[in-house]
S.K.: 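Following this message is one structure expressed as structure tokens.
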Amino acid sequence: MKLNEDPHRRLNPLTNEWILVSPHRATRPWQGEVAKLSTTAEPDYDPTCYLCPGNARFQGIRNPSYPHTFVFENDFAALKSNLTKVRLDADNKGLIVSESESGSCRVMCFSPRHNLTLATMNEAEIEVVVGTWIEQFRQLGAQNDIQHVQIFENRGAVMGASNPHPHCQIWATGSVPEVPAKELLGQHSYFQTHHRCLLCEYVALEDHQKVRVVCGNEHFVAIVPFWAVWPFEILVCSRRHFGSMPPMTAEEISGLAKILKQTTSTYDKVFDSPFPYSMGFHQSPTDGSEHAEWHFHAHFYPPLLRSATIRKYMVGFEMLGTPQRDITPEIAAERLQALATT
């Protein structure tokens, strides 16, 4: 089998899910047209923005004049705290089942400046952001009814971001959500079978092959994973084995800031325009167990396919069968590698 020519399936060992790869449908190394997206430059401060310092939010709540990061409870939270645990199962048949889910939803502004992004912030500014993520993870994860803390950023209107002000969300839930639950099972199974960490082993393989590594430093590496579904998907992994942000050293915090800036600024070069994505950190559950199998990592899922205005949609066979891609992870990595060094 020739991976760069023949249709084949690739396994995601984190989730035990497959993707169909059809490289013969993309015979040229790069088929994307470079088309600029018409955008209006954002100001440092927007008096109509509900995330800018001093401005009013829902029901007249006014933001403080924050100098760095700012965290608050989401005014339209998807979760409520301190709910009584209730399970419903119609006629005990396991067919119509529901459970109460308590938790917390917070919004975190990266900066008081309205027109910054991770790609345009300097590394010192991103280190402050990482420090706030650590503080929030510690605080929320310590709560007895919280088993998982999900930090995620939706960048760009195409990803559903309702406000361009640099911010992310932090959802803390009373159960481990579906995707990290699959990853927990995958990492645990690998650890039980091989007595080694799945992602430690995977990073070592990628470092050796030097095909899909986009960029890296002493503490973190950015890879287009072998099993990538999205055209320019990136997996960011720590080189040292730890499960969540709190154990990171000052040097590792700096390393994470560097890799986040390099990854996001590289994305902006692909189509010479602001690159949309959903990004999230997968950290070990906060259920009181040790979880020695869990390895800290982040996923970047960008939707753009051939230009700044053409995106990939999951339709047809991908919705009914399995995800499929034409531009292989190797071709995408080659493109990103060239941009990461410029």
S.K.: Any sub-3.5 Å donor-acceptor pair from Glu125's side-chain atoms to Ser111's backbone N or O?
M.R.: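 Here the side-chain-to-backbone pair does not exist.
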S.K.: Looking at residues at least two apart in the chain, or sitting in another chain, which of them share a side-chain hydrogen bond (donor to acceptor under 3.5 Å, both in side chains) with Glu183?
M.R.: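 Glu183: side-chain hydrogen bond (donor to acceptor under 3.5 Å, both in side chains) contacts with His282, His297, His299.
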S.K.: Start with the C-alpha distance between Thr173 and Ser175, add both sets of side-chain angles, then the distance that settles side chain to side chain donor-acceptor pair (under 3.5 Å), and finish with yes or no.
M.R.: CA-CA 5 Å; Thr173 53; Ser175 63; 5.0 Å; no
S.K.: Just by modelled atom types, is the Thr249 backbone N or O under 3.5 Å from a matching donor or acceptor in the Glu252 side chain?
M.R.: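 Side chain of Glu252 to backbone of Thr249: a pair is present.
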S.K.: Are the aromatic ring centres of Trp294 and Phe242 under 6.0 angstrom apart?
M.R.: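 Ring centres of Phe242 and Trp294 not closer than 6.0 Å.
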S.K.: Any heavy-atom pair between the side chains of Trp227 and Glu17 that's under 4.5 Å?
M.R.: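 Sidechains of Trp227 and Glu17: no contact.
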S.K.: If a pair satisfies ring pair (Phe, Tyr, Trp, His ring centres under 6.0 Å) and one of its residues is in residues 308-339, list it, with sequence neighbours excluded.
M.R.: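 Sorted pair list comes back empty.
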S.K.: Do Arg10 and Phe226 meet the cation-pi criteria used here (NZ or CZ under 6.0 Å from the six-membered ring centre, within 45° of the axis)?
M.R.: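 The answer is yes, since Arg10 meets both limits relative to Phe226.
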S.K.: Considering only heavy atoms from C-beta outward, does the side chain of Asp145 approach that of Lys85 to under 4.5 Å?
M.R.: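 Not in contact.
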S.K.: List for me each residue that meets salt bridge (Lys or Arg N to Asp or Glu O under 4.0 Å) alongside Glu123, sequence neighbours excluded, and say none if there are none.
M.R.: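 By the salt bridge (Lys or Arg N to Asp or Glu O under 4.0 Å) rule, Glu123 matches Lys258.
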S.K.: Of Lys2, Arg212, Lys210, which meets salt bridge (charged side-chain N to carboxylate O under 4.0 Å, His left out) against Glu330?
M.R.: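 For Glu330, the salt bridge (charged side-chain N to carboxylate O under 4.0 Å, His left out) test succeeds with only one of Lys2, Arg212, Lys210, which is Arg212.
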S.K.: Mind checking whether Phe58 and Phe76 have parallel, tilted or perpendicular rings, split at 30° and 60°?
M.R.: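 The arrangement is tilted - the two ring planes meet at 30° to 60°.
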S.K.: Is it the case that the side chain of Arg113 and the backbone of Asn115 share a donor-acceptor pair, with hydrogens and angles ignored and the cut-off at 3.5 Å?
M.R.: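 No.
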S.K.: Apply side-chain hydrogen bond (donor to acceptor under 3.5 Å, both in side chains) to His291 and list each qualifying residue two or more places apart in sequence or on a separate chain.
M.R.: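 In terms of side-chain hydrogen bond (donor to acceptor under 3.5 Å, both in side chains), with neighbours along the sequence ignored, His291 is linked to Asp287, Glu293.
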S.K.: Just to verify, what does Arg9 make a salt bridge (Lys or Arg N to Asp or Glu O under 4.0 Å) with, not counting sequence neighbours?
M.R.: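 So Arg9 forms no salt bridge (Lys or Arg N to Asp or Glu O under 4.0 Å) with any residue.
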S.K.: How would you list, by chain and number, every residue that makes a side-chain hydrogen bond (donor to acceptor under 3.5 Å, both in side chains) with His68, sequence neighbours excluded?
M.R.: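 Testing His68 for side-chain hydrogen bond (donor to acceptor under 3.5 Å, both in side chains), a comparison that skips the adjacent residues, returns none.
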